[in-house]
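Computed from a predicted structure; not experimentally measured. In listed order, ligands and their atoms are each counted from 1. All heavy atoms count here, side chains included; hydrogens, waters and symmetry mates do not.
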Amino acid sequence: MAQIIDGKLIAQQTRAEIAEEVAQLKTQGITPGLAVVIVGENPASQVYVRNKHKACGEVGIYSEVIAMPEQTTEEELLAKIDELNGSTEIDGILVQLPLPTHINEEHVLNAIKPDKDVDAFHPINTGKIMIGNPDFLPCTPAGVMVMLQKSGIDVCGKNCVVVGRSNIVGKPMAMLLLAANGTVTVCHSRTKDLASVTREADILVVAIGRADFITGDMIKEGAVVIDVGMNRREDGKLTGDVDFASASERAGYITPVPGGVGPMTITMLLRNTLTASALHHKR
Ligand code: NDP
């Protein structure tokens, strides 16, 4: 039976470390600040934004939620980003996705100053990750790396398989595992005989958005299984991309959903806000 990697506990520990660092900064008159911009009334986005605001408050980070109406134009949103780019109180800017369809997400994300881009979605920051010299790490993959490290799992030399190649999770995840000296394979919807690839993984990270898709027979005995997926079942319950019951019979370590990767994502946003604050006060 696999050992559970408790994301909630690791997130709590990491947030306590962040809170200490924030308290230390405050003695020097520095308060890190985050602006979270939300456009429209998507209920899921509203929950995410509330959680981010609350998490900031808990560790002493100043945060502002900027709620803009659904009919906001791209120009109006870009003007707001511009204002936040120039604010000395704001170290990090996060635009909650998805944006309403009449707004071009790429235009908006690219308008955030790279040194305030705490989601690490700006091409400058993705490029820096690619060449192994990042300022910020994208929150979800960074959270996975902290979970591995805090669970004493060494990536060096391991066969790592990432299922999913999105810009937000899969691709940066592969880069971070590579930077940690893993031997990395990336799979996607066109991969032939997926199971034969996943069965070779010492460390398997799954981010596809398909409920309970990876089953125990696709997992090598003793492997580390990280389930990034967050899917709503018909009964309203949250479930991952990995079939937990069968996978935990085979894996050595496994993350549950909920209580695995999820809590780490906001934690790494707090970490990135601290990093941004450090970048701004170095000058
Ligand atoms: P995307 O939809 O952007 O990407 C999904 C990826 O999975 C694509 O690369 C796609 O391949 C691949 N894929 C889809 N079906 C299959 C299949 N049958 N076999 C192999 N690969 C497949 O999703 P995201 O990366 O944004 O998110 C993935 C999951 O992670 C979702 O459940 C999401 O909710 C969750 N998530 C969780 C977070 C957290 O904090 N825990 C944060 C972000 C996401 P192709 O490129 O070929 O289409």
Got a salt bridge between Lys80 and Glu76, using NZ or NE/NH1/NH2 to carboxylate O under 4.0 Å?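 No, this pair does not count.
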
List, one per line, each side-chain donor-acceptor pair under 3.5 Å for residues 181-193, sequence neighbours excluded.
{"unit_1": "His188", "atom_1": "ND1", "unit_2": "Arg190", "atom_2": "N", "d": "3.2"}
{"unit_1": "Thr191", "atom_1": "OG1", "unit_2": "His188", "atom_2": "N", "d": "2.8"}
{"unit_1": "Thr191", "atom_1": "OG1", "unit_2": "His188", "atom_2": "O", "d": "3.1"}
{"unit_1": "Asp193", "atom_1": "OD2", "unit_2": "Ser196", "atom_2": "OG", "d": "3.3"}

Can you measure from CG (Asp91) to CG (Asn272) and round to the nearest 0.5 angstrom?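 Nearest 0.5 Å value for the CG-CG distance: 12.0 Å.
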
Roughly how far, to the nearest 0.5 Å, is NZ of Lys150 from CE of Met145?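 Met145 atom CE to Lys150 atom NZ measures 14.0 Å (nearest 0.5 Å).
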
Going only through I, L, V, M, F, W and Y residues with side-chain contacts under 4.5 Å, is there a path from Phe244 to Ile208?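 As far as the 4.5 Å side-chain criterion goes, Ile208 and Phe244 are connected within one cluster.
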
Do you reckon Ile66 sits in the same ILVMFWY cluster as Val49, going by side-chain contacts under 4.5 Å, direct or chained?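 Result: no, two separate clusters.
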
Close-range residues for ligand 1, whose non-hydrogen atoms fall below the 4.0 Å threshold: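 Within the 4.0 Å shell of ligand 1, which is judged on heavy atoms, sit Thr140, Val163, Gly164, Arg165, Ser166, Val169, His188, Ser189, Ala207, Ile208, Gly209, Arg210, Phe213, Val228, Gly229, Met230, Asn231, Val261, Gly262, Thr265.
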
